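To keep things clear, I will list the structure first and then write my remarks on it.
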Amino acid sequence: MRPLSDFTTLTFDCYGTLIDWEAGILAELRPWAGARGLALSDDALLEVFGTTEAAVEADHPTHRYPQILEEVLRRLSSRFQVITGDDAVRDFGQSVGRWPAFPDSPAALAYLKQHYKLVILSNVDHASFARSNARLGVEFDRIITAQDVGSYKPDLRNFRHMLDDVQRTLGTAPHQILHTAQSIFHDVVPAKSLGLATMWINRRKALGGGWGATPAPSVSGDATTPDYEAGSMEEFAARHRIETAGR
């Protein structure tokens, strides 16, 4: 296994990795479900959100993320045969800025910024990410979103766009990148297929596993196995500190 110091650039998924999107999604969907008499557990809400979101992104790759969220809520309403007004649909579409950061993200990013270039590769739009970035408190070297590409991860176009961008703007070659993400489905599988090293931030480890708001990967075995794993961004930063102190 290569030392972490071999890499010069960390490319990040944001939602699920740095921003606690499951907490944010549940804060929006629990009241929606309760007001309509839907007795759905948190796990059921996250699972149905995750599969529906992925389907909407595949169906509408050029829609901006607020439109994706709006269509997700429309489809959930249809699935459960409940009525959701237009105002509630629009409000859900604008909910990304309300999703909280994981408590360890700002400090870990501030530390890693001293050692790496930091790049976002996110399935949102620039306006939505700007609201989240304010919670993270770090200046990223590059911010690449689905809005830039016209597709959503796990589409390989997003990763190829990122590779071209960081080569051109930062002089970063693929072997210098460690792609850091929570989602095996959205990030680890496609990144590995292009030969990128991957760091899995296994945020659900403390919850006993499960896929939560991300779909299960459609492949198995080595294709889903990250090169590195940490249970949090704090653990990732601590691992880097220990490694560099040892050197």
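Everything numeric here is computed off the predicted structure, so don't read it as measured data. FYI, side chains are in, hydrogens and waters are out, and symmetry mates aren't considered; it's all heavy atoms of this structure.
For His126, the side chain to side chain contact (heavy atoms under 4.5 Å, CB included) criterion is met by Ile143, Thr145, Gln147, Asp148, not counting sequence neighbours. Ser151 pairs by the side chain to side chain donor-acceptor pair (under 3.5 Å) definition with Asn158, not counting sequence neighbours. In this structure, Tyr152 has no side chain to side chain donor-acceptor pair (under 3.5 Å) partners at least two apart in sequence or on a different chain. With sequence neighbours excluded, no residue forms a side chain to side chain donor-acceptor pair (under 3.5 Å) with Asp164. With sequence neighbours excluded, the residues satisfying ring pair (Phe, Tyr, Trp, His ring centres under 6.0 Å) with His63 are His60. In this view, Phe92 satisfies the ring pair (Phe, Tyr, Trp, His ring centres under 6.0 Å) rule with no residue, not counting sequence neighbours.
Looking at every heavy atom in both residues, Thr84 comes nearest to Val89 through CG2-CG2, 3.9 Å.
A side-chain donor from one of Thr17 and Asp13 sits under 3.5 Å from a side-chain acceptor of the other.
Applying the side-chain hydrogen bond (donor to acceptor under 3.5 Å, both in side chains) test to residues at least two apart or on different chains, the pairs with a partner in residues 204-217 are Glu22-Arg204. Pairs passing the side-chain hydrogen bond (donor to acceptor under 3.5 Å, both in side chains) check and including a residue from residues 188-198, sequence neighbours excluded, read Thr198-Asp227. Among residue pairs with one or both ends in residues 9-44, those qualifying as ring-ring contact (aromatic ring centres under 6.0 Å, His included) are Tyr15-Trp99, Trp21-Phe49; sequence neighbours excluded. Pairs of residues two or more places apart, or lying in two chains, never qualify as salt bridge (Lys or Arg N to Asp or Glu O under 4.0 Å) while including a residue from residues 228-241. Listed by first and then second residue, the salt bridge (Lys or Arg N to Asp or Glu O under 4.0 Å) pairs involving residues 109-132 are Lys113-Asp141 (not counting sequence neighbours).
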Can I get a per-line list of side-chain donor-acceptor pairs under 3.5 Å for residues 217-226, giving both atom names and the distance, sequence neighbours left out?
residue, atom, partner, partner atom, Å
Thr224, OG1, Gly221, O, 2.9
Thr225, OG1, Gly221, O, 3.1

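By the 4.5 Å heavy-atom criterion applied to side chains, Asp187 and Pro154 are not counted as neighbours. Counting heavy atoms from C-beta on, the side chains of Ile201 and Thr180 come closer than 4.5 Å. Counting heavy atoms from C-beta on, the side chains of Leu112 and Phe236 come closer than 4.5 Å. Residues Tyr116 and Phe7 meet the side-chain proximity criterion, which asks for heavy atoms closer than 4.5 Å.
Between Asp155 and Arg160 there is no salt bridge, since no side-chain nitrogen of the basic residue lies less than 4.0 Å from a carboxylate oxygen of the acidic one. Using a cut-off of 4.0 Å between Lys/Arg side-chain N and Asp/Glu carboxylate O, Asp91 and Arg98 are scored as salt-bridged.
Under a cut-off of 6.0 angstrom, the local environment of CD in Glu139 is sparse, with at most 12 non-hydrogen atoms contributed by other residues, nucleotides or ligands.
The one candidate from Ile120, Ile177, Thr172, Val149 that meets the side chain to side chain contact (heavy atoms under 4.5 Å, CB included) condition with Met162 is Ile177.
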With ring-ring contact (aromatic ring centres under 6.0 Å, His included) as the test, would you mind laying out the steps for His240 and Tyr111 before giving the verdict? CA-CA 10 Å; His240 185 275; Tyr111 168 78; 5.5 Å; yes
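For His179 and Phe159, the ring centers are positioned less than 6.0 Å apart.
A continuous path of ILVMFWY side-chain contacts below 4.5 Å connects Leu109 to Leu4, so both sit in one hydrophobic cluster.
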